[in-house]
Enquirer: 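Just dropping this structure here.
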Protein chains: 2
Amino acid sequence: MKLISHEDLQNMEQRFRANLINSITGFKSIALIGTQNKTGITNVAIFNSLVHIGANPALIGFIMRPHTVERHTLANILDTNYYTINHIKKSFFKQAHQTSAGFDKTVSEFKACGLTAEYNNDFFAPFVKESDIQLGVAFKEKIDIAINGTSLIIGEIVSIKYPDNCLQTDGYLDIEKAGTIACTGLDAYHTTTNISRLAYAKPNIETNTNIPKYID
Amino acid sequence: MKLISHEDLQNMEQRFRANLINSITGFKSIALIGTQNKTGITNVAIFNSLVHIGANPALIGFIMRPHTVERHTLANILDTNYYTINHIKKSFFKQAHQTSAGFDKTVSEFKACGLTAEYNNDFFAPFVKESDIQLGVAFKEKIDIAINGTSLIIGEIVSIKYPDNCLQTDGYLDIEKAGTIACTGLDAYHTTTNISRLAYAKPNIETNTNIPKYID
C-alpha cells in the first residue's frame, strides 16, 4: 500500500493531481448533455459529474466547472430552460469523448463529432439519437459553490425514453442491459458486469439477493 | 423504445419512482463513509452520491438526504470535522450494503455488519480495513438544497491510501485494477471492464487511445 499525504497533494504537479483526484471519486456516470441556443445552434457536451438529487420531484444535478468549454451548455440552459441528458454506449464513446474538445461556440458538436440531433414531442432541446436512454430535463436551480467557483446545476426530469425489456417490475431500470457505460478519471471508459441486486437492508437480517422480473 | 412522460412520473407509485429515478442517473460510485462521535462510537454507512467538486484544492462532495439513517454520519461530521471515504470491493459488498439498515445510533455498523475499523496516522475518523482505497477527508462546507431538503456535503481530501501498482505515470489511479466496484439504482452492484482511456480531445483531431504506464 502507498500513502499520499495532504502535503504531497498540495505540492503535486497540477495535471497529475487533476487525474488522481478525478480518479478517487470512484466510478462515475457519463452522459451527453444536449442544448440549443435561441438562434437554433445545437450544442452537445460530455459530463461526468451527474448526481441523484431526489426522486419526488425527480431531480438530477451536475457540477459545472468554471472556465471550461462546457460553458456553452450552461449559457444555453440558462437562456432556454431545457436540456437533455443522454446515456453513452460503447458504440459511440469516442464521439462522445470528442465533444470535450474546445469547439468554437458557432460550431455544433453534433456535426463536428459525428453525432445526430433528434427532437421528440416538441421538446426544445435536442436529444442524441445514438443514445438509447434519453432524459428530457427542465432547469430548476443553479447553486454556486463559493469554495472553488463551481456550480451545482439542478433540473427536473420531465421525460424518460428507454429500450424495451430494460425496466424491472419494481421500477429499477437495467442500464447495463441497455448498454450504458461508466467512466473513471477524466478519460477512461468501462463496461460493467452485474454482480447482484440486494434486498432492502434491515438490522440483524442477513442480506439477500433479490432479482425482480422485467416488464415486457 | 418506451416513453415515460412528466405526468406518468408524477402519478407513479412512490417506491417504483424511487427505483427508476435512482437508476437513470447512470453508473454511480459507492463508498463507505466512516465517522466517530465524540464519545468514541464509530459509524459507517454506504453512500452512492459521491461527486467530484475540484482538484485544487482536492474537494469531494456527496448528497445527504433528509430523514434517513445516514444522519448519524452527518451529525458526526458536523461535530468532529473529519470522515473517511472507503472504496468498496466485491469481497465485502454485502457487508457494505448492510450498513444501510436502520441501526440504532448506539450501535456501531462496523461490528453489526462484519467490517473492521482501523486508524491511520492519528486521523480522528475510522477507516474501513477491508477497503484498499481509503481517503481521509476534512469537512469544509454544507450547502442546503432548498428545493427538496437535501444537502451537498463538501470535504477536502487530506490523505489517499491505495494499492501498489495502481497509479499510472500521469496520476490516473486505476480503481478497476484495485477492485473497486460500481452501483446502479439503490441496490445493484457491478464489476467493470476497461474499454480504453482516450487522449485529451482537440477539435478536428481524431480521438486516440492513450495508455500511460504504471508507477511501481
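Lettering of chains follows the sequences in order, A, B, ..., and the numbering in each one begins at 1.
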Enquirer: Working to the nearest 0.5 Å, report the span between CD1 of A:I175 and OG of B:S23.
Expert: 7.0 Å
Enquirer: Kindly give the heavy-atom pair with the smallest separation between B:H87 and A:T25, and that separation in Å.
Expert: NE2-C, 4.5 Å
Enquirer: Give, as side chain, backbone, both or neither, the part of A:T150 having an atom under 4.5 angstrom from any heavy atom of chain B.
Expert: side chain
Enquirer: Which heavy atom of B:A101 sits nearest to which heavy atom of A:P203, and what is that distance?
Expert: CB-N, 3.4 Å
Enquirer: What do you reckon, is CD of A:Q14 surrounded by more than 12 foreign heavy atoms closer than 6.0 Å?
Expert: no
Enquirer: Could you tell me which non-hydrogen atom of B:A18 sits nearest to which non-hydrogen atom of A:A55, and how far apart they are?
Expert: CA-CB, 3.8 Å
Enquirer: Using non-hydrogen atoms and a 4.5 Å limit, figure out which bit of A:N121 sits close to chain B: side chain, backbone, both or neither.
Expert: side chain
Enquirer: Quick check against the 3.5 Å criterion: does A:N148 have a side-chain atom that pairs as donor or acceptor with the backbone of B:I53?
Expert: yes
Enquirer: Taking A:T191's backbone N and O only, do any of them form a donor-acceptor pair with B:H190's side chain (distance below 3.5 Å, no angle check)?
Expert: no
Enquirer: Side chains of A:K28 and B:S29: does their closest heavy-atom pair fall under 4.5 Å?
Expert: no
Enquirer: Go through the atoms of A:A138 and report whether side chain, backbone, both or neither lie under 4.5 Å from a heavy atom of chain B.
Expert: neither
Enquirer: Judged by atom type as modelled, is there a donor-acceptor pair below 3.5 Å linking the side chain of B:H52 to the main-chain atoms of A:G26?
Expert: no
Enquirer: If you count heavy-atom pairs under 4.5 Å between each of A:I181, A:D8, A:N120 and chain B, which one has the most?
Expert: A:I181
Enquirer: Is the closest side-chain heavy-atom distance between B:Y162 and A:I4 below 4.5 Å?
Expert: yes
Enquirer: For the CZ atom of B:R197 and the SG atom of A:C183, what is their distance to the nearest 0.5 Å?
Expert: 11.5 Å
Enquirer: Of the non-hydrogen atoms in A:F27 and B:T180, which two are nearest, and what is the gap between them?
Expert: CE1-O, 3.2 Å
Enquirer: Any donor and acceptor pair, going by atom type alone, linking the side chain of B:Q98 with main-chain N or O of A:K202 inside 3.5 Å?
Expert: yes
Enquirer: Sort out for me which of B:E7, B:K90, B:Q95, B:M12 touches chain A most, counting heavy-atom pairs under 4.5 Å.
Expert: B:K90
Enquirer: Would you give the length of the straight line joining atom CG of B:L3 to atom CD1 of A:I160, rounded to the nearest 0.5 angstrom?
Expert: 9.0 Å
Enquirer: Verify, without hydrogens or angle tests, whether A:N19 (side chain) and B:D170 (backbone) share a donor-acceptor contact under 3.5 angstrom.
Expert: yes
Enquirer: Please find the pair of heavy atoms, one from B:E156 and one from A:H6, that lie closest to each other, and give the distance.
Expert: OE2-NE2, 2.9 Å
Enquirer: Using a cut-off of under 4.5 Å on heavy-atom pairs, state which of B:I133, B:I88, B:N204, B:I145 scores highest against chain A.
Expert: B:I145
Enquirer: Among A:I143, A:I24, A:V51, A:D104, which residue has the highest count of heavy-atom pairs closer than 4.5 Å to chain B?
Expert: A:I24
Enquirer: Report which part of B:A58 has an atom under 4.5 Å of a heavy atom belonging to chain A: side chain, backbone, both, or neither.
Expert: both
Enquirer: Would you mind telling me which of B:D132, B:V107, B:D174 has the largest number of heavy-atom pairs within less than 4.5 Å of chain A?
Expert: B:D132
Enquirer: Of all of B:I205, B:I60, B:I147, which one pairs up most often with chain A through heavy atoms under 4.5 Å apart?
Expert: B:I147
Enquirer: Name the region of A:L198, side chain, backbone, both or neither, that has any atom closer than 4.5 Å to a heavy atom of chain B.
Expert: both
Enquirer: Chain B: which of A:S5, A:S196, A:A199, A:P163 shares the most heavy-atom pairs with it under 4.5 Å?
Expert: A:S196
Enquirer: Need one label for B:A182: side chain, backbone, both or neither, based on atoms under 4.5 Å from any heavy atom in chain A.
Expert: both
Enquirer: Check whether more than 12 heavy atoms from other residues, nucleotides or ligands sit under 6.0 Å from atom OH of A:Y82, and answer yes or no.
Expert: no
Enquirer: Using non-hydrogen atoms only, which part of A:I30 is less than 4.5 Å away from chain B: side chain, backbone, both, or neither?
Expert: neither
Enquirer: Any idea which heavy atoms bring A:L9 and B:I157 closest together, and the distance?
Expert: CD1-O, 3.4 Å
Enquirer: Is chain B contacted by the side chain of A:F93, its backbone, both, or neither, given a heavy-atom distance below 4.5 Å?
Expert: both
Enquirer: Would you compute the distance between atom CZ of A:R17 and atom CG of B:N56 and round it to the nearest 0.5 angstrom?
Expert: 3.5 Å
Enquirer: Keeping A:H97 on the side-chain end and B:Y200 on the backbone end, is there a donor-acceptor pair under 3.5 Å?
Expert: no
Enquirer: From A:L186 CG over to B:Y172 OH, what is the distance, rounded to the nearest 0.5 angstrom?
Expert: 10.0 Å
Enquirer: At what distance, to the nearest 0.5 angstrom, does NZ of A:K2 lie from CG of B:L167?
Expert: 9.0 Å
